[in-house]
Amino acid sequence: MPAITLVGAQWGDEGKGKATDLVGNRVDYVVRYQGGNNAGHTVVIGDQKYALHLLPSGILSPDVVPVIANGVVIDPAVLFEELRGLRERGVSTERLLVSANAHMIMPYHRALDKVTERFLGKGRIGTTGRGIGPTYADKISRTGIRVQDMFDAKILRQKLELALHDKNQVLTKVFNRRGLDVEQVFDEYTGYAEELRPFVADTSLELNRALDAGKTVYLEGSQGTLLDIDHGTYPFVTSSSPTAGGACAGAGLGPTRITKVVGIVKAYTTRVGSGPFPTELHDEWGDWLRQKGGEYGVTTGRNRRCGWFDAPIARYSTRVNGITDFFLTKLDVLSGLERIPVCVGYQANGTRYDEIPMTQTEFHHAVPVYEYLDGWNEDISHARSFEELPKTAQAYVRTLEEMAGAPISAIGVGPGRDQTLELRSLV
Ligand code: IMP
């Protein structure tokens, strides 16, 4: 009954789609437990590239049941568009299960996400503009609309009237935007309800039963640890809990059921949106990493901010997630460097920090302290075992592992399905 949780150990975009795909054929369920279509997973199979935003990457493996669990927020138009796109490419989608308790992203959530960001000006979070934050805000305020509400016309209308009574005041009077019409939104969403119905299930029950029956469940986190609402660089975070604890609440599994926590960590660091990022490079090395690593957002197309590996961040992730194994991605991108800087601590306001400083103010002022590791020139994208890597690349991996505080069990040396070195089984 293994339940494996996969978490991003940095600010997201660590290459989780590739990791999930690696184990995708060896598990029975792949579950998304938080976030929505703010995520962007790229999976490359043969010469086909799939960019998924909302669907679990398990949808691409014919023997896997993909699950959108209760902790996810769903934009139905996006969901159906993604399903349609996959069907057109011959991918079967009818195995998908969607929790009746997941919350719906409504048109007013998208509108509010955009206007509040504009209103924040220089203080903006840099959200994806998909309505994620406002949807979670309504969930916590107990004014959200869940998947199951769409199947009861009376409830849906009641909830919509209540929500729009409030939101329309804000949209029109605070932000000077047009309000939304209850009937129009009602018609749109009752239309989605019929399309959604065949997928809807009690996913928590299904997953617990699957574990009881000895099946393997893979819980696929989106975003990353430093974007977690509790453990990230608040307020420059997403509005859910990508960390491993969030997987239990977001999927309806007890913590004692989780058997392994795999942290996905990039051989360097990237971040999208605003907020502190000590090792960020504003010079040509930042451009070099961006170009070599193809660091452009899957969801928004925005340039990702790039910097060197930050060991205190990896260690922090090990701590708050209970990481048992790391999957180190994009090691090939670092080929061609004579020396590779690795951040081992920070200086802020005259104090040396070996761990992430406790307060955001200090973290904002953190200047990285670097150690320099030997680089390598060889193209490592054809390596298929750890031993085939140049000695200095092996040493880079071993040093990161020691600093991060958990074993590196897999290494990505390219985007393809076969470009992964698995040192220990992740399942
Ligand atoms: P939101 O999730 O759209 O509310 O955006 C909040 C913050 O999380 C912003 O800085 C986004 O750029 C960031 N973010 C959201 N999803 C992802 C992701 O999948 N990868 C990287 N950053 C993300």
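We number each residue from 1, following the sequence as shown. Indexing begins at 1, ligand by ligand and atom by atom, following the structure's order. Every value quoted in this text rests on a predicted model; they were computed, and no experiment measured them.
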- prompt: Which is closest to atom 21 (C) of ligand 1 in terms of heavy atoms, Thr270, Asp13, Thr127, Leu226?
  reply: Asp13
message: For the residue pair His103 / Thr135, report whether a side-chain donor-acceptor contact shorter than 3.5 Å exists.
response: no
query: So, is Thr238 polar-close to ligand 1, with some N/O to N/O distance under 3.5 Å?
result: yes
message: Could you check whether any heavy atom of Arg271 sits closer than 4.0 Å to an atom of ligand 1, since that is the contact criterion I want to use?
response: no
message: Within 45 degrees of the ring normal and closer than 6.0 Å to the centroid, is that where the cationic atom of Arg305 sits relative to Phe277?
response: no
- request: Could you tell me which atoms of ligand 1, counted from 1 in the order shown, lie closer than 4.0 angstrom to a heavy atom of Ala39?
  value: 19 (O)
task: Going by the side chain to side chain contact (heavy atoms under 4.5 Å, CB included) test, name the single residue among Leu22, Val23, Ile411, Ile408 that passes it with Phe327.
output: Leu22
field: Lys/Arg cation over aromatic Phe386: Arg398, 6.0 Å, 45° cone
entry: yes
Donor-acceptor pair between Thr127 and Asp113 side chains, under 3.5 angstrom: yes
query: For ligand 1, which part of Asp113 has a heavy atom less than 4.0 Å away: the side chain, the backbone, both, or neither?
result: neither
- prompt: Relative to the ring of Trp288, is the ring of Trp285 parallel (under 30°), tilted (30 to 60°) or perpendicular (over 60°)?
  reply: perpendicular
- prompt: Counting only heavy atoms, which portion of Arg130 has something under 4.0 Å from ligand 1: side chain, backbone, both, or neither?
  reply: neither
Contacting atoms of ligand 1, where contact means under 4.0 angstrom from a heavy atom of Trp11: 21 (C), 22 (N)
Within-4.5 Å side-chain heavy-atom neighbours: Ser317 and Ile323: yes
message: If the cut-off is 4.0 Å to any non-hydrogen atom of Val237, which atoms of ligand 1 fall inside it?
response: 6 (C), 7 (C)
- line: ligand 1 to Gly126, heavy atom cutoff 4.0 Å, flagged ligand atoms 9 (C), 10 (O), 11 (C), 12 (O)
- request: Among all protein heavy atoms, pick the one closest to atom 18 (C) of ligand 1 and tell me residue, atom and distance.
  value: Asn38 O, 3.7 Å
field: Trp11 side chain reached by Ile313 side chain, heavy atoms, under 4.5 Å
entry: yes
- request: Quick one: sort the Phe363 and Tyr346 rings into parallel, tilted or perpendicular, breaks at 30° and 60°.
  value: perpendicular
Distance from atom 8 (O) of ligand 1 to nearest protein heavy atom, with residue and atom: Leu227 CD2, 3.7 Å
task: Compute the shortest N/O to N/O distance between Arg302 and ligand 1 and return yes if it is under 3.5 Å, no if not.
output: yes
statement: heavy-atom search around atom 10 (O) of ligand 1 in the protein gives Val272 O, 3.2 Å
statement: Looking only at protein heavy atoms, what sits closest to atom 15 (C) of ligand 1 is Gln223 CG, 3.7 Å
task: If you have a sec, work out which protein heavy atom is nearest atom 3 (O) of ligand 1 and how many Å separate them, to one decimal?
output: Thr128 OG1, 2.6 Å
message: I'd like to know whether Tyr50 forms a side chain to side chain contact (heavy atoms under 4.5 Å, CB included) with Arg89, so could you lay out the CA-CA distance, the side-chain angles of the two residues, the decisive distance to 0.1 Å, and finally the verdict.
response: CA-CA 10 Å; Tyr50 299 90; Arg89 292 169 76 177; 3.6 Å; yes
